[in-house]
Amino acid sequence: MSKDIIANILTSIRNADMNKKRTVRIPYTNINENVGKILLREGFIENMRKHQESNKSFLVLTLRHRRNRKGPYRTVLNLKRISRPGLRIYSNYQRIPRILGGMGIVILSTSRGIMTDREARVERIGGEILCYIW
């Protein structure tokens with residue numbers, strides 16, 4: 001595993017979604033918990049719970065799948081990591097991009113915590129752009 005915990009959570013969710021897994025288990029960190037809360041609040045996942053196993057804590061995310069039986073399987077989540085350890089991307093609140101005209105979300109790390117693009121615009125604060133989700 002790499003040191004980039006945001007990329008790890010996005011990759012775990014993306015892989016579980018492509019393989020039609022119902023749940024995904026990720027290591028518990030405060031950042032992972034905050035990103036999971038945003039995904040839950042915005043409706044991209046169905047449930048999130050904390051699971052303790054011996055001395056380690058995990059977050060168990062229940063993914064949401066389309067139940068269309070006809071046609072090819074289509075993933076619900078499209079996740080893209082933007083800012084990374086080698087290249088940090090920052091934005092003020094006026095220049096935060098809109099994903100699919102507001103249908104998707106941008107997750108930002110601000111001075112007031114991890115929040116979505118809509119919350120950052122309302123509070124008029126910018127920050128580091130972590131990822132796009134649509």
Side-chain angles (χ1 to χ4, degrees):
M1 261 187 151
S2 67
K3 299 281 183 183
D4 190 4
I5 58 176
I6 301 294
N8 287 342
I9 184 175
L10 296 178
T11 302
S12 297
I13 293 171
R14 187 182 305 117
N15 289 341
D17 192 38
M18 287 191 315
N19 288 324
K20 302 178 186 179
K21 300 284 185 194
R22 186 79 176 139
T23 61
V24 62
R25 193 172 91 164
I26 56 173
Y28 177 82
T29 62
N30 287 335
I31 294 173
N32 286 349
E33 183 182 26
N34 290 333
V35 171
K37 284 179 182 177
I38 289 174
L39 291 174
L40 182 64
R41 188 173 60 233
E42 295 292 326
F44 290 106
I45 61 175
E46 286 183 9
N47 192 11
M48 180 181 80
R49 63 183 169 86
K50 187 176 176 182
H51 179 69
Q52 186 83 18
E53 194 171 288
S54 65
N55 291 345
K56 297 184 180 184
S57 296
F58 296 97
L59 286 176
V60 178
L61 305 176
T62 305
L63 301 179
R64 178 167 298 198
H65 290 290
R66 292 183 184 163
R67 290 174 173 75
N68 185 2
R69 302 259 178 181
K70 297 179 182 176
Y73 176 77
R74 300 173 78 187
T75 60
V76 175
L77 292 173
N78 290 305
L79 307 129
K80 184 175 181 186
R81 177 78 159 119
I82 301 302
S83 184
R84 51 191 172 89
L87 179 64
R88 302 290 186 185
I89 306 294
Y90 296 95
S91 176
N92 62 10
Y93 76 94
Q94 297 161 334
R95 294 181 188 253
I96 297 173
R98 294 185 192 275
I99 306 303
L100 294 178
M103 296 293 289
I105 63 170
V106 177
I107 297 181
L108 295 126
S109 176
T110 66
S111 59
R112 296 186 192 153
I114 295 177
M115 60 179 63
T116 64
D117 55 338
R118 283 178 235 125
E119 295 167 347
R121 283 189 196 98
V122 167
E123 294 190 25
R124 300 174 65 105
I125 56 174
E128 180 183 353
I129 298 175
L130 298 178
C131 61
Y132 298 157
I133 301 173
W134 70 96

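Start at 1 with the first residue, then count along the sequence. Here the structure is a predicted model, which means the values were calculated and not measured.
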Q. Roughly how far, to the nearest 0.5 Å, is the NZ atom of Lys21 from the OG atom of Ser12?
A. 13.0 Å
**Q.** Arg49 side-chain N/O to Leu61 backbone N/O, donor-acceptor pair under 3.5 Å
**A.** no
Q: Please report the shortest heavy-atom distance between Gly102 and Arg98, naming the atom on each side.
A: N-CB, 4.2 Å
Q. Nearest 0.5 Å, what's the CD1-CD1 distance between Ile89 and Ile129?
A. 7.5 Å
**Q.** Closest approach of Leu77 to Ile133 (non-hydrogen atoms, all atoms of both residues)
**A.** CD2-CG2, 4.3 Å
Q.
Any side-chain to backbone donor/acceptor pair from Asn34 onto Asn30? Under 3.5 Å, distance only.
A. yes
Q) Do Ser91 and Val106 come within less than 4.5 Å of each other through their side chains, counting heavy atoms only? A) no
(Q) Could you report the tightest heavy-atom contact between Trp134 and Phe44, atom names first, then the distance? (A) C-CE2, 4.2 Å
**Q.** Single-linkage hydrophobic cluster, 4.5 Å side-chain cutoff, Ile96 and Ile125 together
**A.** no
Q. Should Leu108 and Ile82 be regarded as members of a common hydrophobic cluster, given that ILVMFWY residues are connected when their side-chain heavy atoms come within less than 4.5 Å of each other, either directly or indirectly?
A. yes
Q | side chain to side chain contact (heavy atoms under 4.5 Å, CB included) assessment of Leu130 paired with Arg81 | A | CA-CA 6 Å; Leu130 298 178; Arg81 177 78 159 119; 3.9 Å; yes
Q. Nearest heavy-atom pair of Ile105 and Asp117: which atoms, and what distance?
A. CA-OD1, 4.0 Å
Q: Quick one: pull up OH in Tyr28 and NE2 in His51 and give me the separation to the nearest 0.5 Å.
A: 15.0 Å
Q. Is it the case that one hydrophobic cluster holds both Val35 and Ile5, taking links as side-chain heavy atoms less than 4.5 Å apart, direct or via other members?
A. yes
Q. Linking I/L/V/M/F/W/Y whenever their side-chain heavy atoms sit closer than 4.5 Å, directly or via other members, would Ile99 and Met115 fall into one cluster?
A. no
Q | For the student: nearest non-hydrogen atoms of Glu46 and Leu40, plus distance | A | O-CD1, 3.3 Å
Q: Is it possible for you to say whether Val122 and Tyr93 belong to one hydrophobic cluster, with membership spreading through side-chain heavy-atom contacts below 4.5 Å?
A: no
Q. How close do Asp4 and Pro85 get, heavy atom to heavy atom, and via which atoms?
A. OD2-CD, 3.5 Å
Q) Roughly how far, to the nearest 0.5 Å, is the CD1 atom of Ile6 from the OG1 atom of Thr11? A) 11.0 Å
Q | From Leu59 atom CG to Lys37 atom NZ, the distance as rounded to the nearest 0.5 Å | A | 9.5 Å
(Q) Within the 4.5 Å heavy-atom criterion, are Met48 and Leu39 side-chain neighbours or not? (A) no
(Q) Determine whether a donor-acceptor pair (N or O, by modelled atom type, separation under 3.5 Å) exists between the side chain of Asp17 and the backbone of Ile13. (A) no
Q: Determine, step by step, whether Ile26 and Asn8 satisfy the side chain to side chain contact (heavy atoms under 4.5 Å, CB included) criterion, reporting the C-alpha distance in whole Å, the side-chain angles of both residues, the deciding distance to 0.1 Å, and the verdict.
A: CA-CA 8 Å; Ile26 56 173; Asn8 287 342; over 6 Å; no
